[in-house]
Colleague: 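Handing you this structure, nothing more for now.
As the structure is a computational prediction, the values presented were derived from the model and not from experiment. Whatever order the structure lists them in is the order used to number ligands and atoms, beginning at 1.
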Amino acid sequence: MQLDLDLVDRRLRTAFVGRRLIYLTSTPSTQDVARREADEGAVEGTAVIAEEQTAGRGRLGRSWVSPAGRNIYVTIVLRPDLARLRILGMAAPLAVARAVESAAGLSALLKWPNDVLVSGRKLSGVLIDSEMYGGDARYALVGIGVNVNFDIEEDSEIASIATSIKREAGHPVLREDVLASVLNEFEELYTSTSPSAVRDAWKARLDTLGREVRVTFRGAVHEGLAEDVDADGSLVLRLADGSKLAIEAGEVTLRG
Ligand code: BTN
């Protein structure tokens, strides 16, 4: 079934996020469409939504499984100042976690840096592309994928590590409810007058802290105790020799 955009609109409580919706039945990636829109001056909050992506992208050069009609693939065009740019990677997954709780009654945790987990499996991922000009962001593209009514078993590559709302709740849910809730929660966090409160709320949900982890980033592997996150959201590892190392991005796996 196709998304009912009128229903999404009726559920929206935002001032600008999602107030202009670009809806596509199929596209390679909503990030690319959003980039073109942003380059052409799209108003802040423009959201590009697709029923299907034929070349959906994840972080670290991965692909994002994007079958038609069952999930949410959305990219939001933003024009943040530097303080807001720094919290995007926290605000977006936190918004999804809150939305999943309110729309489906599931309890969601976050995996550093910006995955949303339910029952230890990945339900949602966030991809942020920013276009800088001088020291400022000309725009940022916040891409969010949420597995909603997807039967994860359909894709053998992710079947053991991913999940969907349907799988966790035991029944399908309205994608419109989840999408509107993500947009509502996101705008509230993005416009917060206290970036440190957003960071604290994100940190409070991080499942990664306090665990022995292995972090892979640009070919280097670091092992240690995930002790903290700094103001930028970098993960602070306590290494075996007692020293600390802050890592800005990467892929975390649990050790032992
Ligand atoms: C990740 O966890 O690696 C990030 C996944 C991000 C997927 C979303 S779906 C909407 C937007 N378009 C894309 O091609 N990717 C993002």
Side-chain angles (χ1 to χ4, degrees), residues 3 8 17-18 21-38 42 45-78 88-97 99-100 108-118 120-131 139-150 152 155 157-165 175 178-183 186 202 205-208 215-218 233 235 248-253:
L3 264 178
V8 175
V17 170
L21 286 178
I22 297 173
Y23 172 80
L24 304 159
T25 46
S26 181
T27 192
S29 166
T30 54
Q31 295 293 106
D32 299 338
V33 180
R35 179 175 295 278
R36 280 198 295 278
E37 286 289 325
T46 296
V48 180
I49 296 165
E51 292 286 355
E52 171 192 50
Q53 297 185 118
T54 52
R57 293 200 295 275
R59 289 193 318 118
L60 309 170
R62 302 213 177 100
S63 59
W64 185 255
V65 176
S66 308
R70 313 213 253 312
N71 296 328
I72 290 171
Y73 318 111
V74 59
T75 301
I76 308 166
V77 177
L78 297 167
L88 286 182
M90 308 177 203
L94 183 56
V96 174
V100 162
L109 291 175
L110 304 178
K111 178 184 167 195
W112 183 89
N114 37 32
D115 293 351
V116 180
L117 304 179
V118 174
R121 287 161 168 254
K122 182 159 168 171
L123 183 98
S124 165
V126 171
L127 177 67
I128 296 176
D129 293 324
S130 49
E131 184 70 28
Y139 56 77
L141 309 172
V142 177
I144 302 174
V146 188
N147 296 328
V148 182
N149 292 324
F150 185 32
I152 291 291
D155 190 293
E157 250 182 62
I158 60 169
S160 62
I161 51 165
T163 194
S164 65
I165 295 180
R175 285 186 298 158
V178 181
L179 175 60
S181 187
V182 168
L183 298 173
F186 177 76
W202 169 76
R205 270 188 200 256
L206 269 186
D207 192 34
T208 313
V215 186
T216 313
F217 183 46
R218 292 189 180 139
L235 187 65
E248 69 190 69
E251 176 68 17
V252 171
T253 47

Colleague: Show your working on side-chain hydrogen bond (donor to acceptor under 3.5 Å, both in side chains) between Gln31 and Thr75 and close with a plain yes or no.
Modeller: CA-CA 6 Å; Gln31 295 293 106; Thr75 301; 2.7 Å; yes
Colleague: Heavy-atom contacts with Gly58 under 4.0 Å: which atoms of ligand 1 show up? List them by number with element.
Modeller: 1 (C), 3 (O), 4 (C), 5 (C)
Colleague: In the protein, which heavy atom is nearest to atom 3 (O) of ligand 1, and how far is it?
Modeller: Arg59 N, 2.6 Å
Colleague: Would you mind telling me if ligand 1 is within reach of the side chain of Asn114, the backbone, both or neither, using heavy atoms under 4.0 Å?
Modeller: neither
Colleague: Give me the atom names and distance for the closest heavy-atom approach of Trp202 to Leu94.
Modeller: N-CD2, 3.8 Å
Colleague: Please find the pair of heavy atoms, one from Leu206 and one from Trp112, that lie closest to each other, and give the distance.
Modeller: CD2-N, 3.6 Å
Colleague: Quick test: of every protein heavy atom, which one is nearest to atom 16 (C) of ligand 1, and how far off is it to 0.1 Å?
Modeller: Arg57 O, 3.8 Å
Colleague: Can you sort out which atoms of ligand 1 are near Ser29, meaning under 4.0 Å from one of its heavy atoms?
Modeller: 12 (N), 13 (C), 14 (O)
Colleague: What do the steps show when you test Leu24 against Ile49 for side-chain contact (heavy atoms from CB on, under 4.5 Å), and what is the final call?
Modeller: CA-CA 6 Å; Leu24 304 159; Ile49 296 165; over 6 Å; no
Colleague: On a heavy-atom basis, which atom in Phe150 and which in Asn71 lie closest, and how many Å separate them?
Modeller: CB-OD1, 3.2 Å
Colleague: Rounded to the nearest 0.5 Å, how far apart are CZ of Arg35 and OG of Ser29?
Modeller: 10.0 Å
Colleague: Are Arg62 and ligand 1 in contact, using a heavy-atom cut-off of under 4.0 Å?
Modeller: no
Colleague: Would Tyr73 count as a polar contact of ligand 1, with the cut-off being nitrogen or oxygen pairs under 3.5 Å?
Modeller: no
Colleague: So which protein heavy atom does atom 2 (O) of ligand 1 come closest to, and at what separation?
Modeller: Lys122 NZ, 2.6 Å
Colleague: Please check if any side-chain donor atom of Tyr23 sits under 3.5 Å from a side-chain acceptor atom of Glu51, or the reverse.
Modeller: yes
Colleague: Students should be able to answer this: which protein heavy-atom is nearest to atom 11 (C) of ligand 1, and at what distance?
Modeller: Thr30 OG1, 3.3 Å
Colleague: What about Trp64: any of its N or O atoms under 3.5 Å from an N or O on ligand 1?
Modeller: no
Colleague: Give the atoms of ligand 1, by number and element, whose distance to some non-hydrogen atom of Gly56 is under 4.0 Å.
Modeller: 14 (O)
Colleague: Got a salt bridge between Glu52 and Arg70, using NZ or NE/NH1/NH2 to carboxylate O under 4.0 Å?
Modeller: no
Colleague: Using salt bridge (Lys or Arg N to Asp or Glu O under 4.0 Å), reason through Asp115 and Lys122 one step at a time and then give a plain yes or no.
Modeller: CA-CA 7 Å; Asp115 293 351; Lys122 182 159 168 171; 3.0 Å; yes
Colleague: Below 4.0 angstrom from a heavy atom of Val74, which ligand 1 atoms are there? Numbered from 1 as shown, please.
Modeller: 10 (C)
Colleague: For ligand 1, which part of Ile144 has a heavy atom less than 4.0 Å away: the side chain, the backbone, both, or neither?
Modeller: backbone
Colleague: Would you say the side-chain atoms of Thr27 and Gln53 include a donor-acceptor pair closer than 3.5 Å?
Modeller: no
Colleague: Provide the number and element of each atom of ligand 1 under 4.0 Å from a heavy atom of Val126.
Modeller: 2 (O), 4 (C)
Colleague: Nearest protein heavy-atom contact for atom 12 (N) of ligand 1: which residue, which atom, what distance?
Modeller: Gln53 OE1, 2.9 Å
Colleague: A side-chain contact here means heavy atoms from C-beta on lying under 4.5 Å apart; do Tyr139 and Asp129 qualify?
Modeller: no
Colleague: May I ask you to list the atoms of ligand 1 that are less than 4.0 angstrom from any heavy atom of Thr75?
Modeller: 11 (C)
Colleague: Which of the numbered atoms in ligand 1 are below 4.0 angstrom from a heavy atom of Asp115?
Modeller: 2 (O)
